[in-house]
Amino acid sequence: ESASCADCHGLHEVRAEADPLSTIHMDNRPETCGHCHEDATPSFARAVSHEPPTFDRKALAWGFSIFFSSLAFFVIGFLLLHVLLDLYRTLRPLHHETAGARKAPLHRDDEVVRFDLHLRIQHWMLMTAFTTLVVTGWPLKSAAVGQSSTLMDLMGGIAVVSVLHRIAGVLMLAVGVYHAAYLVMLWRRGQFKGSMLPGIKDIKDFLGNISYLLGLRKERPAFGRFTYYEKLDYWAEIWGTFVMGLSGLMLWFPVMAASI
């Protein structure tokens, strides 16, 4: 279902890249790639390489690699630290807190519908799409690492996993379009309040909440409709949908992407 070494390098006459007769010589690469990728262009052939990007070679790709690796590390680290602080604060209430305040009853009349039907549909679509993309994307990109092959076999093999991954990708892009249309609808009705937009108050809330979690203040900050961490999650989804969607389409249609 995918290329092996022999598909590009040949079988009985494997030659060095600099050899004009080599199947991977730059002049011959479009023809070699064209055996599997119809209408393969020279730009597509140049994009195929085993060499990792470096500062001296493909500096832009190297910079993106460093940026996204660092971003993933710090985002997950911040998330983990925040959750642990919240758990610590929950398990170790301070002496000035009263049980009555923490166990105040909630009456049915106090309940509100926070998300309308459209938002709930969008949440379920996004959760389904993102989870499926992670579960199928990991073995597809890391087929020879750890238990990736076992996981792929459990899901029906590479052919099934590839189809599931693409279906989830289309679903994720669809929910992105759905959400954009939903925001436009709210704006046209005069109901768009911009409550997910970040502001100076979010910085103050962040500092105040960290102080609360560390036991340095008695009460949490008075959050607005959405907390700073909910806004961070929201904009991470917007950013992630764009990045995952664009990179996914490039992998799905590599010849077209390379021509652009």
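Since we're looking at a predicted model, the values are computed, not measured. Counting begins at 1 with the first residue of the sequence.
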(request) Identify whether M185 and W187 are in the same connected component of the hydrophobic contact network (ILVMFWY, side-chain heavy atoms under 4.5 Å). (result) yes

(message) Looking at E38, I want to see if its CD is surrounded by more than 12 non-hydrogen atoms of other residues, nucleotides or ligands under 6.0 Å.
(response) no

(message) My understanding is that only residues two or more places apart in sequence, or in another chain, count here; which of them pass salt bridge (charged side-chain N to carboxylate O under 4.0 Å, His left out) with D19?
(response) R15

(message) For a 4.5 angstrom cut-off between non-hydrogen side-chain atoms, does Y182 reach L119?
(response) yes

(request) Would you check if the side chain of S148 reaches a backbone N or O of S142 as a donor-acceptor pair within less than 3.5 Å? (result) yes

(message) Could you tell me if the side chain of W235 sits less than 4.5 Å from the side chain of L197, heavy atoms only?
(response) yes

(request) Output the distance between atom CG (L71) and atom CD1 (I66), rounded to the nearest 0.5 Å. (result) 12.5 Å

(request) Evaluate the side-chain proximity of H35 to D7: yes if any heavy-atom separation is below 4.5 Å, no if none is. (result) no

(request) Determine yes or no for a side-chain-to-main-chain donor-acceptor pair under 3.5 angstrom, with R114 supplying the side chain and R225 the backbone. (result) yes

(request) Decide whether L164 and L151 are clustered together by the hydrophobic rule: side chain heavy atoms of Ile, Leu, Val, Met, Phe, Trp, Tyr closer than 4.5 Å, transitively. (result) no

(request) Measure the CD1-OG1 distance between I260 and T41 for me, rounded to the nearest 0.5 Å. (result) 10.5 Å

(request) Enter the distance from L84:CG to L213:CG here, rounded to the nearest 0.5 Å. (result) 11.0 Å

(request) Please work out which of the three classes, parallel, tilted or perpendicular, describes the rings of H50 and H9, given edges at 30° and 60°. (result) parallel

(request) Return yes when atom CZ of F130 has more than 12 non-hydrogen atoms of other residues, nucleotides or ligands closer than 6.0 Å, and no otherwise. (result) no

(request) Return the orientation label for the F115 and F226 ring planes: parallel under 30°, perpendicular over 60°, tilted otherwise. (result) parallel

(request) Might you point out which heavy atoms bring K58 and A47 nearest each other, and give the distance in Å? (result) NZ-O, 4.3 Å

(request) Calculate, to the nearest 0.5 Å, the distance between atoms CZ and CG belonging to F44 and D39 respectively. (result) 11.5 Å

(message) Under a 3.5 Å distance rule, please check whether S259 uses its side chain to pair with a backbone N or O of M256 as donor and acceptor.
(response) yes

(message) Give me the atom names and distance for the closest heavy-atom approach of V14 to G10.
(response) CG2-O, 3.8 Å

(request) Spell out, as yes or no, whether a donor-acceptor pair under 3.5 Å connects the side chain of T32 to the backbone of T23. (result) yes

(message) Would you say that more than 12 heavy atoms from the other residues, nucleotides or ligands in this model lie under 6.0 Å from the CZ of F78, or not?
(response) yes

(request) Answer whether the closest heavy-atom distance between the side chains of L173 and L249 falls below 4.5 Å. (result) yes

(request) Check side-chain hydrogen bond (donor to acceptor under 3.5 Å, both in side chains) between E31 and all other residues, then give those that pass, not counting sequence neighbours. (result) none

(message) In this structure, would V243 and V75 fall into the same cluster of hydrophobic residues linked by side-chain contacts under 4.5 Å?
(response) yes

(request) Determine whether L21 and E13 make a side-chain contact, defined as any pair of heavy atoms from C-beta on separated by less than 4.5 Å. (result) no

(message) Under 3.5 Å, is there a donor on one side chain and an acceptor on the other for Y229 and D86?
(response) no

(request) Group every Ile, Leu, Val, Met, Phe, Trp and Tyr by side-chain heavy-atom contacts under 4.5 Å, then state whether I158 and V135 land in the same group. (result) yes

(request) Indicate the atoms forming the closest heavy-atom contact of R29 with V48, along with that distance. (result) NH1-O, 3.2 Å

(message) Can you confirm whether more than 12 heavy atoms, excluding those of F68, are under 6.0 Å from its CZ atom?
(response) yes

(message) Under a 3.5 Å distance rule, please check whether R92 uses its side chain to pair with a backbone N or O of G215 as donor and acceptor.
(response) no

(request) Write down the atom of E17, the atom of I24, and the distance for their closest heavy-atom approach. (result) CG-O, 3.8 Å

(message) As an exercise, state the distance from CG of L133 to CG of L140, rounded to the nearest 0.5 Å.
(response) 10.0 Å

(message) If hydrophobic clusters are built from ILVMFWY residues whose side chains come within less than 4.5 Å, do L246 and L251 share one?
(response) no

(request) Give the ring-plane orientation class for H82 versus Y228, where under 30° counts as parallel, over 60° as perpendicular and anything between as tilted. (result) perpendicular

(message) Is it the case that the side chain of R89 and the backbone of Y212 share a donor-acceptor pair, with hydrogens and angles ignored and the cut-off at 3.5 Å?
(response) yes

(request) Mind listing the closest non-hydrogen atom pair of A16 and S22 along with its distance? (result) O-CB, 3.0 Å

(request) Locate the shortest heavy-atom distance separating G34 from A40; write the atom from each residue and the value. (result) N-CB, 3.9 Å

(request) Kindly check if the number of other-residue, nucleotide or ligand heavy atoms within 6.0 Å of CG (L80) is above 12? (result) yes

(request) Would you check if L79 and V83 make a side-chain contact, meaning some heavy-atom pair closer than 4.5 Å? (result) yes

(message) My understanding is that only residues two or more places apart in sequence, or in another chain, count here; which of them pass salt bridge (charged side-chain N to carboxylate O under 4.0 Å, His left out) with K201?
(response) D205

(request) Please check if the side chain of W62 supplies one atom and the backbone of D56 the other of a donor-acceptor pair under 3.5 Å. (result) no

(request) May I ask you to check whether H179 and Y234 place their ring centers less than 6.0 Å from one another? (result) yes

(message) Donor-acceptor check, side chain of T131 to backbone of T128, threshold 3.5 angstrom: yes or no?
(response) no

(message) Can you tell me how far apart CE (M127) and OG1 (T132) are? Round to the nearest 0.5 Å.
(response) 11.5 Å

(request) Give a yes or no on whether the backbone of E237 and the side-chain of T241 come within a donor-acceptor separation of less than 3.5 Å. (result) yes

